[in-house]
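Fair warning: this is a prediction, and the values are worked out from it, not measured in the lab.
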Amino acid sequence: MKKISIITISYNEVKTIEKTILSCINQTYLNQEYIIIDGASNDGTTDIINKYNEKIDVFISEPDKGLYDAMNKGLSLSTGDYVIFINSGDSLFNKHTLSSIFEDVKTKESDFIYGNAVVKQHNSNDLNYKKARNHKYSWYGMFTNHQAMIYSLKIIKENNLSFDQHNYPISADYKFTIEFLSKASNIQYIDNWICLFNLDGVSSVNKKQGLAEANKIRKEILNYSSVKIWMIEKLITSSHFIAENLKPVYNLMRFQSLKVQ
């Protein structure tokens, strides 16, 4: 039975951390370790975490340099065969999520496993069921949410992979995934709902910076030409325009919407 490390990153998440913790520690899959990296919260978050101390394998609360720095700390402390990030505010889809993944014969020798995500839209009670794109379209961007990606820890450590927050403060997860995929030989998609996460509003500044960082990744890691990068950028900005100005059309194309029970 493969061991999975679940890593949760938190900072002043007193309203959301308990839901995240419960979704992880109540999994029916037993061979797991649970790691929480907190950025020295001062709002009561750590008090809630300490309530579940017996169910948490590693808990660190100290200042860090941001999300990706904390994720790197989590990786360095992980001892599993696989690792998944379920950060504060997010949750695994249900208590059988990990069992359904690792009892599937298709995932037995996989280096990388990915599936579908359920998105709770910002300021909305709708749940949007978002199918993953094929990983072969990673040139476009993240093909599913990183909370629905499971990485082989062996490949991460053998290749010294980490999240490059210094050079990619918005898109370090995309760079990490692109680099990981170049080292993985057995990549498996499973048609399961893996996570539920809250989609907060993203500013236009962050979108612009994220696109610039992604273009840098396409140039320096994927070795794409300037023309190819320009074409991809136009495709992405067109998608952003539809999402922002023709939201019902975009949601119909990308999501299946169901009301929260």
Side-chain angles (χ1 to χ4, degrees), residues 5-13 16-17 20 34-43 45-46 49 58-80 82-90 112 114 117 135 138-184 195 197-224 229 233 236:
S5 301
I6 307 172
I7 301 174
T8 292
I9 309 302
S10 67
Y11 178 66
N12 286 346
E13 297 284 353
T16 62
I17 187 64
T20 300
Y34 190 33
I35 299 168
I36 299 181
I37 308 296
D38 179 77
S41 294
N42 56 19
D43 67 340
T45 296
T46 56
I49 296 171
V58 179
F59 170 40
I60 294 176
S61 183
E62 62 185 18
D64 55 48
K65 298 175 183 177
L67 173 65
Y68 294 122
D69 179 45
M71 290 169 75
N72 284 332
K73 286 183 185 180
L75 286 178
S76 70
L77 295 166
S78 298
T79 64
Y82 294 97
V83 62
I84 185 172
F85 291 93
I86 303 294
N87 293 335
S88 187
D90 306 323
F112 179 76
Y114 68 101
H135 69 277
S138 59
W139 51 264
Y140 182 85
M142 293 289 271
F143 42 92
T144 191
N145 299 86
H146 77 250
Q147 300 92 335
M149 296 181 178
I150 300 173
Y151 304 84
S152 162
L153 196 61
K154 180 180 178 182
I155 289 179
I156 291 171
K157 295 196 171 182
E158 284 183 347
N159 294 280
N160 295 315
L161 298 179
S162 63
F163 295 94
D164 184 1
Q165 178 171 292
H166 178 72
N167 294 305
Y168 300 90
I170 303 294
S171 301
D173 55 346
Y174 179 46
K175 178 176 181 284
F176 178 90
T177 301
I178 290 292
E179 290 179 327
F180 181 95
L181 291 176
S182 72
K183 308 296 183 182
C195 68
F197 82 106
N198 289 306
L199 181 64
D200 292 324
V202 179
S203 74
S204 59
V205 174
N206 283 347
K207 282 185 179 179
K208 186 176 181 180
Q209 182 179 346
L211 182 56
E213 290 178 11
N215 284 341
K216 184 179 178 183
I217 292 165
R218 295 180 184 106
K219 178 180 179 180
E220 296 182 356
I221 300 176
L222 295 177
N223 296 314
Y224 282 4
I229 292 171
E233 181 175 335
I236 292 170

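Counting heavy atoms from C-beta on, the side chains of Ile17 and Thr8 come closer than 4.5 Å. In this structure the side chain of Gln147 never reaches within 4.5 angstrom of the side chain of Ile84, judged on heavy atoms. Residues Thr177 and His146 have side chains not in contact (no heavy-atom distance under 4.5 Å, counting atoms from C-beta outward). With a 4.5 Å cut-off on side-chain heavy atoms, Phe180 and Ile156 count as touching. Contact of the Leu67 side chain with the Asn87 side chain is registered, since non-hydrogen atoms from C-beta on lie closer than 4.5 Å. Within the 4.5 Å cutoff, the side chain of Tyr34 has no heavy atoms near those of the Ser5 side chain. A heavy-atom distance below 4.5 Å is not found between the side chains of Leu75 and Leu161. Between Ile36 and Val58 there is no side-chain heavy-atom pair separated by less than 4.5 Å.
Side-chain N or O atoms of Asn145 include none that pairs as donor or acceptor with a backbone N or O of Ala148 at under 3.5 Å. Thr45 places no side-chain N or O within donor-acceptor distance of the main-chain N or O of Ser41, the cut-off being under 3.5 Å.
Between Cys195 and Ile86 the shortest heavy-atom distance is CB-CD1, 4.5 Å. Closest of all the heavy-atom pairs between Leu222 and Ile178 is CD2-CG2, 3.9 Å. Between Asp38 and Ser61, the closest heavy-atom pair is OD2-OG, 2.7 Å. Smallest separation of non-hydrogen atoms from Ile7 and Ser78: CD1-OG, 3.4 Å. In plain terms, the two heavy atoms of Gln209 and Pro169 that are nearest each other are NE2-CG, 3.2 Å.
At a threshold of 4.0 Å, the pair Lys175-Glu179 counts as salt-bridged, since one of the basic side-chain nitrogens sits closer than that to a carboxylate oxygen.
Counting only N and O atoms by type, the side chains of Ser88 and Thr16 include a donor and acceptor under 3.5 Å apart. For the 3.5 Å distance criterion, the side chains of Asn72 and Asp69 fail to qualify, holding no donor opposite an acceptor. For the residue pair Tyr68 / Asp173, a side-chain donor-acceptor distance below 3.5 Å is found, with atom types taken as modelled. A donor atom on one side chain and an acceptor atom on the other are not found under 3.5 Å apart for Glu13 and Ser10.
Applying the 6.0 Å contact sphere to NZ of Lys154 captures no more than 12 heavy atoms from other residues, nucleotides or ligands.
Ring geometry for Phe143 against His135 counts as perpendicular: the plane angle is over 60°, on a 0 to 90° scale with 30° as the lower cut.
Distance check, rounded to the nearest 0.5 Å: CD1 of Ile229 to CG of Leu211 gives 10.5 Å. Atom CD1 of Ile6 is separated from atom OG1 of Thr20 by 11.5 Å, given to the nearest 0.5 angstrom. Note that the OG1 atom of Thr46 and the CG atom of Asn12 stand 9.0 Å from one another [nearest 0.5 Å]. Considering CG of Asp64 and NZ of Lys73, their distance stands at 5.0 Å, rounded to 0.5 Å.
Contacts classified as salt bridge (Lys or Arg N to Asp or Glu O under 4.0 Å) and involving residues 212-221 (residues at least two apart or in different chains) are not found.
When each of Phe112, Phe85, Tyr168, Tyr151 is paired with Phe176, the ring pair (Phe, Tyr, Trp, His ring centres under 6.0 Å) condition holds for Tyr151 and for no other.
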Please determine whether side-chain contact (heavy atoms from CB on, under 4.5 Å) holds for the pair Met149 and Met142, giving the CA-CA distance in whole Å, both sets of side-chain angles, and the decisive distance to 0.1 Å.
CA-CA 10 Å; Met149 296 181 178; Met142 293 289 271; 3.7 Å; yes
Full working for side-chain contact (heavy atoms from CB on, under 4.5 Å) between Ile37 and Leu77:
CA-CA 10 Å; Ile37 308 296; Leu77 295 166; 3.9 Å; yes
Take Tyr114 and Ile150, measure what side-chain contact (heavy atoms from CB on, under 4.5 Å) needs, and give me the verdict at the end.
CA-CA 6 Å; Tyr114 68 101; Ile150 300 173; over 6 Å; no
